[in-house]
A.B. asks: 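Got a structure for you, questions after.
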Amino acid sequence: VTAAPMTTSLPASALRAMEHVQGVRLIRMQRELATFGGRADGGVSREALTATELAARQWLCSLCTGPQYQWYVDDAANLIVRRQGSNPALAPVMTGSHIDTQPVGGWLDGAYGVVAGLEALHALDDAGVTTQRAIEVVAWTNEEGSRFSPGAMGSSAFSDPARLPAFLAAQDAHGERFENARNAALQATPAAQRIALGHPVHAYIEAHIEQGPVMENSGHSLGIVTAIQGVRWYEVTVHGSSAHAGTTPLAVRQDALLSAANMVSQLGVAANERGDEALRCTVGRFEVAPGSINTIADRVTFSVDVRHPRDSELDAMQALLHEVLARHRGACTYEVRVLMQRAPTVFDGRVLAVLEAASRATGTSHCHIGSGAFHDAMYLADSCPAAMLFVPSKKGISHNAGEDTDPADLIAGARALAAALVALAET
Ligand SMILES: [Zn+2]
């Protein structure tokens, strides 16, 4: 996608598709998908590549069966339906998300992005629109990462197929290999043709619930996601010297716990003083050795999780962390290890402009928002122009049976998605 002006007008076919989105059909599909692994408490238990998830995949295949449709499955068991365009030489526009859940998840996390995409295809059928580019809806494999680690295997392997061999060797808690579960998934959808992993995509949009309270609190129905925040994980180890609590004078101690406690509390104060609403800084793990009531601690290990949508701020926080550690080490020494880092994902300006125009066309209120959670779109953004569209989560609840969204917001999201997909598929 080449650079284009940030104001975009939608083709008439995009508006026609939007007007043919049927709220009743969307919610019916969403509720039916939720019966696969549905729980009495309203939640859904449908972990990646379980028999329950495979049954849901089979059901998905029954939703698009006309001659304009072809189902595909790739080496990562990503399940894709393509609605043909008029020019097969052009790369398709893609949308989707994941249908796997946490051990106990809600009915919308991931599932909404797949169902909203399928509803957009049905709306195109009803509107009699044939786009130039094909439009694909994908259900990515193992996004949640609760059964097989890491998460987002399907989208990550799609973006870089060289990652697949390591994923195939992953095992779940019962020793079942991802490769075997993947093979079962390939068998479960006989209607789907095999397709090579990682075909070219013109643009990708993922619709998803926000999973946080920001949009509900600001009263917006649609959120155009401009970025996914980056994250850095550190492990700090403070070394002191163990000694008798009764005999060692305070002035000569090398108390690792006292130094570490100062470091943690001062890091919290310093992070707060930055006054940056987008910044997250968390110490969630704190281990003391030897952990005896009458012995001065000689070693403390704690974690630091820092997140921000801008890399420059992550750099600034890293410098701040080192400054705080140096200033509050007392008589102790320390070391810092980087456990993990992922740069922020900045979504594509042109796809964002299309989402902006589509959101405006729905007539519902929209805002710009950053994503606090990782999504499949993060990996797609490495290989094609991508962006996301959020709908609000009631009380910000997610990864919980109580997860819910107002049907009007779900419908608004599907309408904006349909318009945006068609606009991208006509260029
Ligand atoms: Zn999700």
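The basis for the numbers below is simple: all heavy atoms, side chains too, and nothing from hydrogens, waters or symmetry mates. The structure displayed is predicted, hence computed values, not measured ones. Counting starts at 1 for both ligands and their atoms, following the listed order. We count residues from 1, following the sequence as given.
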A.B. asks: Hey, does H220 have a side-chain heavy atom less than 4.5 Å from the side chain of F390?
C.D. replies: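 No, their side chains stay 4.5 Å or more apart.
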A.B. asks: If you define the side chain from C-beta out and look only at heavy atoms, does anything of R285 sit under 4.5 Å from T301?
C.D. replies: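 No. Closest side-chain heavy atoms not under 4.5 Å.
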A.B. asks: Which pairs of donor and acceptor atoms, one on a side chain in residues 163-171, lie under 3.5 Å apart (sequence neighbours left out)?
C.D. replies:
{"from": "R163", "atom 1": "NH1", "to": "S156", "atom 2": "O", "distance (Å)": "2.9"}
{"from": "R163", "atom 1": "NH1", "to": "S156", "atom 2": "OG", "distance (Å)": "3.3"}

A.B. asks: What's within reach of the Zn ion (ligand 1), meaning protein N/O/S atoms under 2.8 Å?
C.D. replies: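 Within the sphere that stays under 2.8 Å of the Zn ion (ligand 1), the protein atoms of type N, O or S are H98 NE2, D109 OD1, H208 NE2.
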A.B. asks: Mark yes or no for whether S371, through its side chain, and I228, through its backbone, hold a donor-acceptor pair below 3.5 Å.
C.D. replies: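 A pair under 3.5 Å: no.
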A.B. asks: Please give me the minimum heavy-atom distance between H122 and C64, naming the atom from each residue.
C.D. replies: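 Scanning both residues, the minimum pair turns out to be NE2-SG, 3.9 Å.
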A.B. asks: State yes or no: are the ring centers of F158 and H199 separated by less than 6.0 Å?
C.D. replies: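 Yes, ring centres under 6.0 Å apart.
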